[in-house]
Amino acid sequence: MWDDVKHVIDTSQSFAITSHVNPDGDSIGSALALCEFLKAQGKEAVVAMSDAVPMAYQWLDPDREMMAPVDEADLNQITAVDAVFIVDVNSWERLGQLGEPIQHGQAVKAVIDHHPYRELITPHSVIQTEASSTSELIYNLIDTLGGSMTKRAADALYTGILTDTGSFRFASTSPHAHDITARLLDHGVNPAQVYDLVYNQNSEARTRLMGQVISNIQFAGNGQVAWLTVAPSMIEKTGALPEDTSGFVDTTMTISGVEIGIIFVGTNEGTVRISLRSRGSKDVNQIAGSFGGGGHRNASGVVFKGSIEEAVEAVTKVAVSAL
Ligand code: 5GP
Ligand code: MN
């Protein structure tokens, strides 16, 4: 399974590793661990992301070695490498500012991902939808190719698995995922400390915004569809940051009877960032897909062009009909 990736590594000297817009714990964790692995093999490697690293993950990169968000000079450097690894995503569009330059650049491209794909962007791909996270796949890669596991790489992979499994509660939490995290603890990961760094560093502004957003929750389909809306003005008034809404949607799924939970976050650019969550067989990947987005069966997202009201009207209708 890793032969193709091994060939890319063996035949290249300089690497860039990138992932999707609005990077999360798994994209950052898997990219940083792969970068560490490549450097340990005597290669030159950098991680580059279109958007900034959220506060919750900055501790993984204390010396700010990641290029995130990328600037013009970073793009020049990235397009000059021998090979680019694209992790935790397999669509050019979701690479943001990096999509075009990488797609049209000379570098060999390889994808390592666990999302169901519609667009196979390169033949050098390892896509395993059963994997809990891309971090799990990077662990398998390091384990198979035989590299040392630094504490930094172990922290990064643990963070990726922790966040993508919703702290080991999503259906994707497999025996293998637990087995890997056990081994990461052997490499020095402190689970209480990682949890605290990732989840318990919220600002007062985020907490106030969350209170307002949750108090305005709405329901349809006999309480089986729940949704939250966040207008840009709410974010501005509380002094919160746009990325502070991350995780809010999960509160909809804590309510008894809710099968599909959605959050609509308006932007000042006339778009709405939508995140969807579901229980069991309810497929929100399909719902997001019908609006041009994607993700997994129980967690998906899409960017909608229009107002919050239009997005709510259109998406909740499809969600109710999916019950
Ligand atoms: P979240 O709601 O946490 O941002 O994303 C949940 C899942 O949906 C993630 O696996 C993510 O990759 C996917 N996702 C989120 N937004 C988009 C989007 O705009 N397009 C696609 N194709 N997938 C998305
Ligand atoms: Mn992931």
Side-chain angles (χ1 to χ4, degrees), residues 17-34 49-51 54 56-57 86-96 99 111-121 126-140 156-167 170-174 177 180 198-199 227-228 230 242-253 260-265 267 269 271-278 283-305 311 315 319:
I17 304 147
T18 190
S19 188
H20 55 78
V21 289
N22 305 315
D24 60 11
D26 189 33
S27 55
I28 293 163
S30 58
L32 281 174
L34 179 57
M49 305 274 185
S50 187
D51 297 330
Y57 309 114
I86 298 160
V87 298
D88 200 41
V89 61
N90 51 63
S91 110
W92 294 121
E93 200 194 320
R94 297 243 316 135
L95 294 182
V111 169
I112 303 175
D113 187 27
H114 69 131
H115 293 95
Y117 65 89
R118 269 184 238 121
E119 175 193 5
L120 186 63
I121 65 176
V126 172
I127 294 168
Q128 287 227 321
T129 54
E130 322 79 67
S132 66
S133 52
T134 303
S135 295
E136 179 178 324
L137 295 175
I138 299 297
Y139 182 95
N140 294 345
L157 293 177
Y158 184 88
T159 299
I161 298 172
L162 175 76
T163 54
D164 252 35
T165 58
S167 306
F170 296 157
S172 58
T173 310
S174 63
I180 291 172
V198 171
Y199 289 114
W227 70 92
L228 305 170
V230 191
E243 61 264 32
D244 280 339
T245 58
S246 133
F248 286 7
V249 67
D250 297 316
T251 59
T252 60
M253 301 310 292
I260 296 174
I262 314 169
I263 188 167
F264 299 88
V265 183
T267 70
E269 289 86 53
T271 59
V272 184
R273 260 223 58 80
I274 305 172
S275 288
L276 300 103
R277 299 290 184 267
S278 67
D283 189 349
V284 288
N285 180 29
Q286 218 162 45
I287 299 174
S290 68
F291 292 95
H296 308 271
R297 187 179 66 192
N298 298 134
S300 68
V302 58
V303 177
F304 182 95
K305 287 195 181 67
V315 177

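Side chains are part of it too, since the values below use all heavy atoms of this structure and drop only hydrogens, waters and symmetry mates. Counting starts at 1 for both ligands and their atoms, following the listed order.
Taking backbone and side chain together, Asp26 holds an N, O or S atom under 2.8 Å from the Mn ion (ligand 2).
Looking only at atom types and distance, the side chain of Thr163 has no donor-acceptor partner in the side chain of Asp26 under 3.5 Å away.
When NE2 of His114 and OD2 of Asp164 are joined through the Mn ion (ligand 2), the resulting angle is 80° to the nearest 10°.
Using the six-membered ring where Trp is involved, His20 and His115 have ring planes that are perpendicular, over 60° apart on the 30 and 60° scheme.
Within the 4.5 Å cutoff, the side chain of Ile260 has heavy atoms near those of the Ile287 side chain. Side chains of Ile86 and Trp92 form a contact here, defined as non-hydrogen atoms less than 4.5 Å apart.
Of the possible polar contacts, none joining the Thr165 side chain to the Thr173 backbone as a donor-acceptor pair under 3.5 Å is found. No donor-acceptor pair under 3.5 Å is formed between the side chain of Ser132 and the backbone N or O of Ser174.
Restricting Asp88 to its N/O/S atoms, the shortest distance to the Mn ion (ligand 2) is reached by OD1.
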So Asp88 and His114, side chain to side chain contact (heavy atoms under 4.5 Å, CB included) or not? Walk me through it. CA-CA 6 Å; Asp88 200 41; His114 69 131; 3.2 Å; yes
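Near ligand 1, residues Arg94, His115, Arg273, Ser275, Arg277, Gly293, Gly294, Gly295, His296, Ala299, Ser300, Gly301, Val302, Val303 come within 4.0 angstrom through at least one heavy atom.
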